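Below is one structure; the comments refer to it alone.
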Amino acid sequence: MVSMLVVDDEIYALKGIAQGIDWSDLPIQSIWEAEDVTQSIRVLQEQPVDLVISDIEMPGMNGLELLRWIRDNKPQTLTIFLTGHARFDYAQEAMHNGCFDYILKPVDHDDLKAIVKRAITEIGMRRERQQIEQLVDANRRQWTSQLPILVERFWQELLAGRVRLSPERLHRQLESYQIPLTASSKVLPVLLSIEQWDIELDARDESIMEYALRKSAAEIILGNWPGTVLQDRNELNITLLYLDDSEIADRDLLLQRCAEYVRACQNYFHCRVSCYVGEAAAIGGLAGALERLQHLERANVSAPQSVQDATTQAGNEAVGTDTGIPIPSFTDWGALLDNGGHEQLVIQLEETLKRWQVEQASREALELFHYGFLNMLYRSAYLKGFSIYDVYTVHELKDIQAARNSQQLMICSGRMVTKMGQALAERPRDASAVIAKVKGFIQEHVHTELTRDDIAAHVYRNPAYLSRLFRKETGVSLSDYMTELRIERAKHFLVETNDKVSNIAEEVGYVHFSYFAKLFKKMTGLSPQDYRKKHQNLR
């Protein structure tokens, strides 16, 4: 439906158009009348007018001046002019300034209705276009507001191996999500390892705080560098630094920013964090680069709240000998062994040592190799929670040190890798065994002020790694599990004994009674005293 305004200084002409024509067969809901331009402007300001039918020649302000006002203030309103033969030039100027159409006086009612009908059709089409534009604009705003989430989801899917990495498809996705990279670009990952919270947090508050840590990482670590900070499907907090064709030159500055971030987390967020700074990797190799950082994290049991540089770690393991033969990265080999790739590791061992045989590796190179190799085996056993002597005899461990050439070393090391790989495969799932050990330790020490570091030290795991593993296996955080266990034990004491509530609080590991009482009511809906009264009365 539309609203129409008729403007004419001749009262009979005005009434003849507004009331003398039968408009009932057109979708017109209201018709307004005005005898001059000033009155018509007032109507336009007060009422939603879609169509104006106006005489051009009027005393005072004429129709052309009205048209200019409509163009500046009501651009969606259409105008039809009435004009006489004597001033046809007015009609030409009106068309030039955006008039929809004109009709000559004396007005033929059927011709005017036909023009009005076309105008109503045009109004409908404009409304549809406006609705489409508004819809597109709303979708564009929504897309823009959701873009950070979509970018995070893209990287999550890519790290999980769910993104096709063909250059054409990858280029389209990067462009679609406005990520300033190409299919051939490199990305530098930084693993943000949350080792311990220094304040009590439930699962919801911990998630909120982790979000705040990621925002802080974007400000401190990325700063003015292009990149993103996200949490992947395994709840790893990761900073991704986008690199152009010339890789970031100032790695020292990146390490400084990471150190600043570690300090900020301690000072402002009450948590202990380590940063594991990776090497630049192609987009397709990003998952592997992150896996190496996780391996560094798992192996780091003695340097909390630190910045670990993967290039330095690799550099320490890739020291050349006097013959120039590079020592392989036992960190990467260890990751391969830990993840069930012992058969691929045997192949890499054979390729490396055959090359050494051709290049006539020195005695020093062989000694460096077997020391690094043994360290890798000891570390794998240690991180999996069992003794290396459960796999090898003392004689087998001495054999590799007795190898005098690359051929002997290849045979011995290949046999040991195969044996370790089989032992790892035959053992119960490491996660289940570790979690069972953690639960047992917590139950035994639930009456003490137990920390995540205490638990991690008991099972020889990195605190941040253990926390993620526990949540993944049980569905709850370590802190929530301990809280639930303590509250259940407190319930038992409240019902089965007459001990003072303050003593019970200490018995289940809470030094501050007020905190215990508040937490107990939050978990059960009752104060400790009310809980005892209710359930002891039922006995």
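Basis for what follows: all heavy atoms, side chains included, without hydrogens, waters or symmetry-related copies. On a predicted model such as this, the values are computed, not experimentally measured, just so you know.
Note: Q29 CD to M4 CE = 12.0 Å, rounded to the nearest 0.5 Å. Atom-to-atom distance recorded for I283:CD1 and L158:CG is 7.0 Å, nearest 0.5 angstrom. Atom CG of L192 sits about 10.0 Å away from atom CD of E210, to the nearest 0.5 Å. Put simply, CD on Q178 and CG on L150 are 10.0 Å apart, with the number rounded to the nearest 0.5 Å. Note that CD1 of I53 is 9.0 Å distant from CG of L5, once rounded to the nearest 0.5 Å. Between the OH atom in Y12 and the CD1 atom in I17 there is a gap of 15.5 Å [rounded to 0.5 Å].
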* Might you work through the side chain to side chain contact (heavy atoms under 4.5 Å, CB included) test for I56 and L82, ending with a clear yes or no? => CA-CA 6 Å; I56 289 184; L82 311 176; over 6 Å; no
* Would you check, one step at a time, whether the test salt bridge (charged side-chain N to carboxylate O under 4.0 Å, His left out) holds for D309 with R251? => CA-CA 10 Å; D309 187 348; R251 189 176 182 88; 2.8 Å; yes
* Would L188 and K186 satisfy side chain to side chain contact (heavy atoms under 4.5 Å, CB included), going step by step from the backbone distance to the final call? -> CA-CA 7 Å; L188 192 152; K186 290 189 175 183; over 6 Å; no
* S306 and Q308: side chain to side chain contact (heavy atoms under 4.5 Å, CB included), yes or no, with the steps? -> CA-CA 6 Å; S306 61; Q308 302 288 322; 2.9 Å; yes
* Evaluate salt bridge (charged side-chain N to carboxylate O under 4.0 Å, His left out) for E473 paired with R468, printing each intermediate quantity in order. => CA-CA 9 Å; E473 290 293 313; R468 289 198 303 272; over 6 Å; no
* For the pair Q39 and D36, evaluate side chain to side chain contact (heavy atoms under 4.5 Å, CB included) and give the outcome as yes or no after the intermediate values. => CA-CA 6 Å; Q39 189 178 356; D36 55 39; 3.2 Å; yes
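Although no hydrogens or angles enter the test, the distance criterion places no donor-acceptor pair under 3.5 Å between the side chain of T79 and the main chain of L67. In this structure a side-chain-to-backbone donor-acceptor pair under 3.5 Å is missing from N234 to L236. With hydrogens and angles disregarded, no donor-acceptor distance shorter than 3.5 Å links the side chain of Y261 to the backbone of A218. Without hydrogens or angle criteria, E35 side chain to D8 main chain gives no donor-acceptor distance under 3.5 Å. Under the 3.5 Å distance criterion, the side-chain polar atoms of N267 are matched with a main-chain donor or acceptor of R263. Without hydrogens or angle criteria, S467 side chain to A464 main chain gives no donor-acceptor distance under 3.5 Å. Here the side chain of D480 pairs a donor or acceptor atom with the backbone of A203 at under 3.5 angstrom. Looking at S176, its side chain never comes within 3.5 Å of a backbone N or O of R172 through a donor-acceptor pair. In this structure a side-chain-to-backbone donor-acceptor pair under 3.5 Å is present from T121 to K117. No donor-acceptor distance shorter than 3.5 angstrom exists from the side chain of S274 to the backbone of S193, with no hydrogens or angles considered.
No side-chain heavy atom of V7 sits less than 4.5 Å from a side-chain heavy atom of L14. Residues D111 and V107 have side chains not in contact (no heavy-atom distance under 4.5 Å, counting atoms from C-beta outward). S40 places a side-chain heavy atom less than 4.5 Å from the side chain of V37. Residues F470 and I435 have side chains in contact (heavy-atom distance under 4.5 Å, counting atoms from C-beta outward). Contact check for V229 versus L222: side-chain heavy atoms found under the 4.5 Å cut-off. Side-chain contact between D55 and D9 is present, with heavy atoms from C-beta onward closer than 4.5 Å. Within the 4.5 Å cutoff, side-chain heavy atoms of T77 are placed close to those of V52. Contact check for S185 versus L243: no side-chain heavy atoms found under the 4.5 Å cut-off.
Within a 6.0 Å sphere centred on CH2 of W69, heavy atoms belonging to other residues, nucleotides or ligands number more than 12. Within a 6.0 Å sphere centred on NE2 of H171, other residues, nucleotides and ligands contribute 12 heavy atoms or fewer. Within 6.0 Å of atom CD in E157, more than 12 heavy atoms from other residues, nucleotides or ligands are found, so the atom counts as buried in its surroundings. Surrounding CZ of R204 are at most 12 heavy atoms belonging to other residues, nucleotides or ligands under 6.0 Å away. No more than 12 heavy atoms of other residues, nucleotides or ligands sit less than 6.0 Å from atom CE of M125.
Pairing each heavy atom of L78 with each of A119, the nearest pair is CD1-O, 3.6 Å. The shortest heavy-atom contact between I80 and C99 is CA-SG, 4.4 Å. Closest approach of W197 to F269, counting heavy atoms only: CZ3-O, 3.7 Å. Heavy atoms only, all atoms of each residue included: I31 and W23 are closest at CD1-CD1, 3.4 Å. Contact between S479 and E206 at its shortest, heavy atoms only, is OG-OE1, 4.3 Å. In terms of heavy atoms, M1 sits closest to I28 at CE-C, 3.8 Å.
Under a 4.0 Å N-O distance rule, the pair R257/E219 does not qualify as a salt bridge. By the 4.0 Å N-to-carboxylate-O rule, E33 lies close enough to K15 to be salt-bridged with it. A salt bridge does not link D232 with R153: none of the charged nitrogens is closer than 4.0 Å to a carboxylate oxygen. Checked for salt-bridge contact, K113 and D108 miss the test: no charged N lies under 4.0 Å from a carboxylate O.
Checked by atom type, the side-chain pair T182/S184 shows a donor-acceptor distance below 3.5 Å. S24 and D22 form a side-chain donor-acceptor contact under 3.5 Å, judged by distance and modelled atom types alone. In this model, a donor atom of one side chain and an acceptor atom of the other lie less than 3.5 Å apart for W333 and Q348. For the residue pair S3 and S30, a side-chain donor N or O sits within less than 3.5 Å of a side-chain acceptor on the partner. A donor and an acceptor atom, one from each side chain of E279 and T311, are nowhere located under 3.5 Å apart.
With sequence neighbours excluded, no residue forms a salt bridge (charged side-chain N to carboxylate O under 4.0 Å, His left out) with K439. Residues satisfying the salt bridge (charged side-chain N to carboxylate O under 4.0 Å, His left out) criterion with R292, sequence neighbours excluded, are D332.
Annotation: side chain to side chain donor-acceptor pair (under 3.5 Å) contacts involving residues 512-531, sequence neighbours excluded, comprise D202-K522, S527-D530.
A distance of 6.0 Å or more separates the ring centres of Y102 and F81.
For the side chain to side chain donor-acceptor pair (under 3.5 Å) with R126, the qualifying choice from Q130, E128, E122 is E122, the only one to do so. Looking at R127, K74, Q76 one by one, the single match for side chain to side chain donor-acceptor pair (under 3.5 Å) with D50 turns out to be R127.
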